[in-house]
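Here is the structure we will look at, set down as structure tokens.
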Amino acid sequence: MRTNVELIAAKRDGQRLADAEIRGLIASFMDGTLADYQMASFLMATFFRGLDDAETVALTEAMLHSGKVLDLSAVAGTKVDKHSTGGVGDKVSICLAPLVAACGVPVPMVSGRGLGHTGGTLDKLEAIPGFRTDLATEDFARIVGTVGTCMIGQTKDIAPADKRIYALRDVTATVECIPLIVASILSKKLAEGIDGLVLDVKVGRGAFMKDLESARTLATALVRVGTRAGKRVVAVLTSMNAPLGEAVGNALETREAIDVLHGKGPADLVECTMVLGAEMLVLGGQAKDTHAARARLAEAISSGAALRVMERMVAAQGGDPAVVAEPSRLAIAAHEVKVAAHEAGCVTRADALEIGLAAVAMGAGRTRADQNVDPAVGISVHKKPGDRVARGDALATLHVRNPSAAAAIAERVAAAFDVGASAPAPEPLVLGRIEV
Ligand code: URA
């Protein structure tokens, strides 16, 4: 049997490790026998040498079993979740989970907080007065069973090895490593007790993966490893060059997500929700194909069934369910600052990364994990690539508490847009789909 130091050296030299060896490394890390600096060294060796699919499955399962794996066997039906790799204005989870649950597929969802320029579902949901995302796993399982969906944060019991390893990766330049990303994402998702997973792998300026090729590589690895771990997994690649929808900022985004369930909402957000929801209904056995699934989703919106699930979920999680019927009850900062077009023409760029960073600078996001966000501030994006504008038209509106401090942000948001003489080539929302 090789020692931990020998295993680190083996990976450094490009050798593959056996399943039991990877399990041993994680177990030693969790019981303190393997020090942080040794794990950091293993992570850097992995960064350069990679892991094959079998090693990545072993790492995923070792991280998954470092904590509790929820048992949702008492909940009838095929449980399916969605994971997005993160973007700007991506509030899909908030409308998608109740919508899919209303169609008979239970959705247990463990979500994250915003970090960097991307927003987080938990921060958006907490804009609802009273809404709690820190429920115990028993309450989570009960609410999934009774309401059909529940949305919480990663508890200390869920994949604790990932939490510690991610903290090390963050400070050792080993985040951008596909097998480590795959094991990190899947260990948390598989701990939810799901049967199937739909992945929304975002591509573009505001995404983790900036180009289609690297997004496809990540999506393929996630699907292959998730499938080998015994789950039904599909990935959809979607564009994240411009923000999704119009709202960027927590309460604004929650309002917009609820609008989707009222049959309103911007076309790109509605389409993204329908595409991902259709995949979830097929995986969950509630539709024979995505065409039939879309019809069921549309019916759940028009009948009000999805709104009713959302109301029950909000109430079960301690929130004020009245915001579902009346999303305008969600408080938005009192002052509006217009960001106007300097020239007439056609919008050619509405840069998701820059708009996301501006929202963070306003207080809608955080630059360190221990910061609080301001739920009421944000940006409404009125124009997207392909839209025509006259000089002076509003490209965006800032929602701020103090308008006299907003000039620099307004300039930054204005610089996120380009207006040209002719329209850019239209960019599809869906850029690919991967299944094995
Ligand atoms: N998201 C995660 O959960 N883990 C990663 O490693 C990267 C993105």
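Heavy atoms only: backbone and side chains are in, while hydrogens, waters and symmetry mates are out.
- With hydrogens and angles disregarded, no donor-acceptor distance shorter than 3.5 Å links the side chain of Glu336 to the backbone of Thr397.
- At least one side-chain heavy atom of Glu279 sits under 4.5 Å from a side-chain heavy atom of Thr290.
- Residues Val69 and Leu190 have side chains not in contact (no heavy-atom distance under 4.5 Å, counting atoms from C-beta outward).
- Contact annotation: the side chain of Leu199 never approaches that of Lys189 to less than 4.5 Å [non-hydrogen atoms, C-beta and beyond].
- Lys79 places a side-chain N or O within donor-acceptor distance of the main-chain N or O of Gly77, the cut-off being under 3.5 Å.
- The two residues Ala316 and Ile143 come nearest to each other via the heavy atoms O-CD1, 3.6 Å.
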Leu222 vs Val233, side-chain contact (heavy atoms from CB on, under 4.5 Å): CA-CA, chis, key distance, verdict: CA-CA 8 Å; Leu222 282 163; Val233 186; 5.7 Å; no
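- The residue from Thr121, Thr238, Leu276 that alone fulfils the side-chain contact (heavy atoms from CB on, under 4.5 Å) condition with Val92 is Leu276.
- Remark: the backbone N or O of Lys202 is paired with a side-chain donor or acceptor of Thr85 at under 3.5 angstrom.
- Looking at every heavy atom in both residues, Pro98 comes nearest to Ser93 through CD-O, 4.2 Å.
- Listed here is the closest heavy atom pair of Cys103 and Ala300: SG-CB, 3.8 Å.
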side-chain contact (heavy atoms from CB on, under 4.5 Å) evaluation trace for Leu330 with Ile128: CA-CA 7 Å; Leu330 291 168; Ile128 300 173; 4.0 Å; yes
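- Defined by atom type and a distance below 3.5 Å, a donor-acceptor pair is present between the side-chain atoms of Asp90 and Ser84.
- Side-chain contact check for Leu180 versus Tyr166: every heavy-atom pair is 4.5 Å or farther apart.
- A salt bridge does not link Lys82 with Asp200: none of the charged nitrogens is closer than 4.0 Å to a carboxylate oxygen.
- Listed for the Lys338 side chain is no donor-acceptor partner under 3.5 Å among the backbone atoms of Asp393.
- Put simply, the side chain of Arg255 does not reach to within 4.5 Å of the side chain of Ile258, judged on heavy atoms.
- Nearest approach of Asp211 to Val203, heavy atoms of both residues: C-CG1, 3.5 Å.
- A donor-acceptor distance shorter than 3.5 angstrom exists from the side chain of Asn250 to the backbone of Ala364, with no hydrogens or angles considered.
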Derivation of the side-chain contact (heavy atoms from CB on, under 4.5 Å) call for Glu126 and Arg113: CA-CA 10 Å; Glu126 285 172 358; Arg113 297 199 177 274; 2.9 Å; yes
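- Here the shortest heavy-atom pairing between Thr254 and Lys124 reads OG1-O, 2.7 Å.
- Around atom CD of Gln371, more than 12 heavy atoms belonging to other residues, nucleotides or ligands sit under 6.0 Å away.
- To the nearest 0.5 Å, atoms CZ (Arg49) and CZ (Phe42) are separated by 13.0 Å.
- No donor-acceptor pair closer than 3.5 Å links the side chain of His117 to the backbone N or O of Val360.
- To the nearest 0.5 Å, the span separating CG on Leu269 from NZ on Lys264 amounts to 13.5 Å.
- Salt bridge annotation for Lys384-Glu427: absent, with no cationic side-chain nitrogen under 4.0 angstrom from a carboxylate oxygen.
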Asp418 and Thr348: CA distance, side-chain angles, deciding distance, side chain to side chain donor-acceptor pair (under 3.5 Å) verdict: CA-CA 5 Å; Asp418 283 335; Thr348 55; 4.6 Å; no
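- Side chain of Glu256 to main chain of Ala247: a donor-acceptor pair is present (N/O by atom type, distance under 3.5 Å, no hydrogens or angles).
- In this structure, Glu246 contributes its side chain and Pro266 its backbone to no donor-acceptor pair below 3.5 Å.
- Taking every heavy atom of both residues into account, Leu283 and Arg232 meet most closely at O-NH1, 3.1 Å.
- In this structure, Thr56 OG1 and Ile181 CD1 are separated by 11.5 Å, a value rounded to the nearest 0.5 Å.
- The side-chain contact (heavy atoms from CB on, under 4.5 Å) test applied to Leu429 returns Leu244, Glu271, Cys272, not counting sequence neighbours.
- Once rounded to the nearest 0.5 Å, the distance linking NE2 of His262 with OG of Ser302 reads 13.5 Å.
- Here the side chains of Val400 and Met362 are in contact, with some heavy-atom distance below 4.5 Å.
- Going from atom OG of Ser111 over to atom NZ of Lys188 covers 11.0 Å, rounded to the nearest 0.5 Å.
- Of the possible donor and acceptor atoms, one in the side chain of Thr149 sits under 3.5 Å from a partner among the backbone N and O of Val107.
- Between Glu55 and Lys11, at least one side-chain nitrogen of the basic residue sits less than 4.0 Å from a carboxylate oxygen of the acidic one, meeting the salt-bridge criterion.
- Listed by chain and number, the residues in a side chain to side chain donor-acceptor pair (under 3.5 Å) with Asp134 are Arg132 (sequence neighbours excluded).
- From Asp52, atom CG reaches atom CZ of Arg224 across 9.5 Å, with rounding to the nearest 0.5 Å.
- Applying the side chain to side chain donor-acceptor pair (under 3.5 Å) criterion to Arg164, with sequence neighbours excluded, gives Asp36.
- Arg296 places a side-chain N or O within donor-acceptor distance of the main-chain N or O of Gln286, the cut-off being under 3.5 Å.
- For the pair Leu197/Leu186, a side-chain contact is recorded, criterion being any heavy-atom separation below 4.5 Å from C-beta on.
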Ile165/Leu43 under side-chain contact (heavy atoms from CB on, under 4.5 Å): CA gap, chis, key distance, verdict: CA-CA 9 Å; Ile165 289 173; Leu43 295 170; 3.8 Å; yes
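- No side-chain heavy atom of Lys163 sits less than 4.5 Å from a side-chain heavy atom of Lys156.
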